[in-house]
Amino acid sequence: MGDYLLAWRNIWRNSRRSILTILAIVFASGLLVFMLSFQFGAYEDMIDSSVRLSTGHVQVQAEGYQKRPEMHKVIENPSPLLEGIAGLEGVYAVTSRSETFALAAGAERSRGVMVSGVRAGVERRISSLPGQIREGRYLQDGDSDVAVIGALGAERLKIGVGDECTLIGQGRDGSVAATVVIIVGIFRTGIDEFDRSAIQIPFSDFDSVFSMEGSAHRLVIITENLADDRPVAAAVRMMPGVEGLVVLTWDELTPGLRQSIELDLIGGVIMYAILVIVVAFSILNTFFMAIFERTREFGVLMAIGTKPLRLVKIMLLESLAMTCVGLAAGMVLGVAATLFFSYYGISMGDSSELMAQYGLADRLYPRLSVMSILIGPAIISVVTFITALVPALKIVSMRPVAALRG
Amino acid sequence: MISGTGAKGMDLSIAWRNLWRNPRRTLIILTAVVIGISSMVVLSALSRGMVDGMVDNAISNLVGHIRIQDPEYRVDPSIIRRISQPEQLISDVSRMLPSGTRIARRIKVDGMLSTSREHVGVVIVGINPEDEPGVSFIGRPVHSGRMISPGESNGLVMGQALLERIGAEVGRKVVLASQNSEWENVSRSFRIRGTYRAELAQTEKMYVFVSLPVLQEMLEVGNGVTEITVNLERGRSGDGDDMTGLVSELNAKIRGSGYVAEDWRQMLPSISAYLEMFNGYMLIWFVVVFIAMGFGIVNTMLMAVYERMREFGLQRAIGMRSSRIVRMVMAEILLLLLFGSLVANGCALFFINIVLASGIDLSVFTESTKMWGMSRIIMPSLSAWDLYAANGVVLVLGLLVGLYPALRAGRFTPVETMRHL
């Protein structure tokens, strides 16, 4: 106990120096907590928007559909599967979708579009699209012969809400499929490619127009939490009726997204590593000084029989105490800043248009998690411990007589 | 009497010697400064290299440095928004353009590509293949097969990803359909002659290339094109290139024609906005790293000052002004920072030019680079702005925080220092 008290008092022998050292640790740990929360928050937003808009967390497809989506690669009679999946633990919602390429024609103009058949009721719960309707309304259960279309596509076709649009494509059996739909809503997601080419019609319409005979192209599953993706995928694979089908998670459906996150994380890790190293060298001098200005004192203590290792211990306690105070204050500040910005958001300014192409909102919200709070401080504590160890070990090689002379 | 400059010279040499009175301490804080500054320079060169690559890729993605087109074409990219007499326009503007400029004419329209069992939406691009090298990615060697030859009547080149998507191979026939200027559907069959690779995955699935005269014939537009792309011969297309002047000259020249010229910053507003913010991001990072080393600089200098308390007291006692003492401590900090930044820039240049000379290969992250249109190999690109900003931040802020220990040293009074010991 005496050692602890001694270490604590030693810190305040030179309070100015100790406070500056602690502040350096406060700064680094606070910044890391905030930055990691910010990064993890942005990743989660990116995944969430991609999952909500298109892929879902987990998908069931026919073999080979992911690489080459062809009309005839279908899931026959998906109803029992849908019911089974809906009952699984961790599943928030599940729906079926079908899609194909078709020619959309307005009064004069025509262009190619991706037509999706969707179940409006479920989509309203899981998809972000109903919230991105800019004009008119989203599809509803019981709708027929209607469609919602992306803003850019509508602009190119020169059609608006209430106008007719002809869809011509090929049915599952190879026959010509054609229908006329009334546009009831126009959406804008900010992702140009999607806004240009996507058009959604009710699932039942798609089924009859494109002769799907009750089949679907994808079963899209939204899980309760992001972390449930793999367990749910594994559970679905074990279900009867999945033979011949493949179960994919969001990162297999959009490998570019996962890699982007990894790449960004690596960049972040390099930057944080540099920051922590610079801080370590910044405070190394304090630890050296704390020992050298006390050489004589150590000499006296050793001369009266104190073991050098006990002195090393006291020195390490001293730096450990400073680190702990710094980390605690840094974490409090980091968490406070994170909470503040997770409420108000951080505006991305002019970059937001670029971010929108990848499904990021114009305001980013950092998100606190156990990981984001602990990773940074943990690394800093390890590094400062090593930083303190190097000078402290010098005590072991001190000789009392020489030390006494100073 | 010692002259002013002489005194300053002496102060500097004294400061330099003072700095090395405790070599270990100085070396430790120098290490922090050197790691800080060199990492700022190296990381900014890498980030800039990455952004430059993105900009270059975006420009070569059929955007070009400057483009002349119908003002309505950007919101309504259809064949009715065309330039009917491009020859006249080109001969008008080409005299104003610097030598080495490359001009390409293209038609770009929405269309549909069909095989016997697949239909996909594409953008059909009519090009003169001989005009494209150095202007867009399609001027680079093809991935497989061969490039279409000028005027080839039924040749087509598509992205490798599209070829795989429709399950076709080089040599197979496909049908392209679009609408002519009377909104009548027109179609024509082509044979796949080759495939290309592009930085953006979307590009490979979107653009198919055919010969310009053939597309003009198919769409019945005579000599009409939808765009004239002008690529200037420049080292890089980074922010050093300001084309605003040239663009407004061009616009003045072609005002009567009803067409407009735009530079890539106007055509790629989101990338150009990101570029505007990039310097800001860098500056924030520089300041963050500085703060990390700033605590160390202040602490180290404080120690150095307190150690020499008696010395300062003595100097004051023999009549030295406190402002001179402040100046001498500031000179020490200045030398520390200057020496640190010298070594740091040396390290950074070594790192950039030797270690990273062949760039950083991101092939492992192909899916990601294809999503963002980044180059697979990042070449560091050191800009003068980054170099000045990194060193400037450290020098200016370093001297600023150095005022604290320096002013403290100036406030020691002879009596106070005598009490210590």
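These figures come from a predicted structure and were not determined experimentally. Each chain gets a letter, A, B and so on, in the order its sequence line appears, and its residues count up from 1. All values below come from the heavy atoms of this structure, side chains included, with hydrogens, waters and symmetry mates left out.
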- line: Nearest heavy-atom contact between A:F287 and A:T384 is CE1-O, 4.1 Å
message: When you measure from the centre of the six-membered ring of A:F288, is the NZ or CZ of B:R25 closer than 6.0 Å and no more than 45° off the axis?
response: no
query: Between A:F38 and A:F341, is the ring centre distance below 6.0 Å?
result: no
- prompt: How about residues 36-44 of chain B versus chain A: which residues have heavy atoms under 4.5 Å apart?
  reply: B:G36, B:S39, B:L43
task: Below 4.5 Å from any heavy atom of chain A, which atoms of B:V122 appear? Answer side chain, backbone, both or neither.
output: neither
message: Looking at A:R196 and A:E193, is any side-chain nitrogen of the basic one under 4.0 Å from a carboxylate oxygen of the acidic one?
response: yes
query: At a heavy-atom separation under 4.5 Å, does B:Q202 approach chain A through its side chain, its backbone, both, or neither?
result: side chain
Contact class of A:T21 relative to chain B, heavy atoms under 4.5 angstrom: both
- request: Report the option among B:G296, B:G294, B:S47, B:G111 that has the most heavy-atom pairs separated by less than 4.5 Å from atoms of chain A.
  value: B:G296
message: For a quick test of reading the model, state the closest non-hydrogen atom pair linking A:A42 to A:L364 and the distance between them.
response: CB-CD1, 4.4 Å
message: List the residues meeting side chain to side chain contact (heavy atoms under 4.5 Å, CB included) with A:D251, not counting sequence neighbours, and say none if there are none.
response: A:R230, A:T249, A:R258
- prompt: Taking A:M71, A:R156, A:M114, A:E293 one by one, which has the highest count of heavy-atom pairs under 4.5 Å against chain B?
  reply: A:R156
query: Where does A:A28 contact chain B at under 4.5 Å (heavy atoms): side chain, backbone, both or neither?
result: neither
task: Could you pull out all residues at least two apart from B:V175 that satisfy side chain to side chain contact (heavy atoms under 4.5 Å, CB included)?
output: B:S187, B:S189
query: Looking at A:S197, A:P69, A:G174, which one has more heavy-atom pairs under 4.5 Å with chain B than the rest?
result: A:P69
task: Search all heavy atoms of B:P380 against all heavy atoms of B:L46 and return the closest pair with its distance.
output: CB-CD2, 4.0 Å
- request: Could you give me the CA-CA distance, side-chain angles and deciding distance for B:Y306 and A:R17, then say whether side-chain hydrogen bond (donor to acceptor under 3.5 Å, both in side chains) is met?
  value: CA-CA 11 Å; B:Y306 271 87; A:R17 185 170 70 203; over 6 Å; no
- prompt: Checking A:E70 against chain B: side chain, backbone, both or neither under 4.5 Å from a heavy atom?
  reply: both
message: Does any backbone or side-chain atom of B:E182 lie under 4.5 Å from a heavy atom of chain A? Answer side chain, backbone, both or neither.
response: neither
- request: Check step by step if side chain to side chain contact (heavy atoms under 4.5 Å, CB included) holds for B:I79 and B:Q179.
  value: CA-CA 8 Å; B:I79 191 68; B:Q179 287 181 297; 6.0 Å; no
Top contributor to chain B interface from A:L263, A:I277, A:L284, A:I270 [non-hydrogen pairs under 4.5 Å]: A:L263
task: Carefully, step by step, assess B:N57 and B:S375 under the rule side chain to side chain contact (heavy atoms under 4.5 Å, CB included).
output: CA-CA 7 Å; B:N57 290 339; B:S375 302; 3.1 Å; yes
task: Identify which part of A:I19 has an atom lying under 4.5 Å from any heavy atom of chain B, answering side chain, backbone, both or neither.
output: neither
- prompt: So which of B:H119, B:E118, B:M293 has the largest heavy-atom pair count under 4.5 angstrom toward chain A?
  reply: B:H119
query: For B:Y404, is it the side chain, the backbone, both, or neither that has a heavy atom closer than 4.5 Å to a heavy atom of chain A?
result: side chain
message: Check this for me, if you would: do B:K370 and B:E204 make a salt bridge, where the nitrogen-to-carboxylate-oxygen distance has to be below 4.0 angstrom?
response: yes
- prompt: Heavy-atom distance under 4.5 Å to chain A: side chain of B:L268, backbone, both or neither?
  reply: neither
query: Relative to chain A, which segment of B:S78 carries a heavy atom at a distance below 4.5 Å: side chain, backbone, both, or neither?
result: side chain
message: Using heavy-atom distances under 4.5 Å, tell me whether B:I360 contacts chain A through its side chain, its backbone, both, or neither.
response: neither
- request: Please determine, among B:V298, B:V120, B:L362, B:I297, the option with the most heavy-atom pairs under 4.5 Å with chain A.
  value: B:V120
- request: Specify which of A:R109, A:M271, A:K158 makes the most heavy-atom pairs with chain B at under 4.5 Å.
  value: A:R109
message: Using every non-hydrogen atom in the two residues, find where A:A280 and A:V383 come nearest and quote the distance to one decimal.
response: CB-CG1, 3.6 Å
message: Please rank B:D76, B:V289, B:N185, B:L302 by heavy-atom pairs under 4.5 Å with chain A and give me the top one.
response: B:D76
field: A:S175: side-chain hydrogen bond (donor to acceptor under 3.5 Å, both in side chains) partners, not counting sequence neighbours
entry: A:D173
field: Residue part contacting chain B, namely of A:L257, when any heavy atom lies under 4.5 Å
entry: both
message: Please evaluate residues A:Q39 and A:D264 with respect to the criterion side-chain hydrogen bond (donor to acceptor under 3.5 Å, both in side chains), reporting the C-alpha separation (whole Å), side-chain torsions for both, the decisive distance (0.1 Å), and the verdict.
response: CA-CA 9 Å; A:Q39 273 184 302; A:D264 189 74; 3.0 Å; yes
field: Over all atoms of both residues, closest heavy-atom pair of A:L103 and A:G112
entry: CD1-N, 4.0 Å
message: Restricting to non-hydrogen atoms, name the atom on B:A177 and the atom on B:I124 that form the minimum distance, rounded to 0.1 Å.
response: O-CD1, 3.9 Å
query: Any idea which of A:E155, A:Q170, A:E262 has the most non-hydrogen atom pairs under 4.5 angstrom with chain B?
result: A:Q170
- prompt: Top residue by heavy-atom pair count (under 4.5 Å) with chain A, among B:V75, B:I291, B:T369, B:N22?
  reply: B:I291
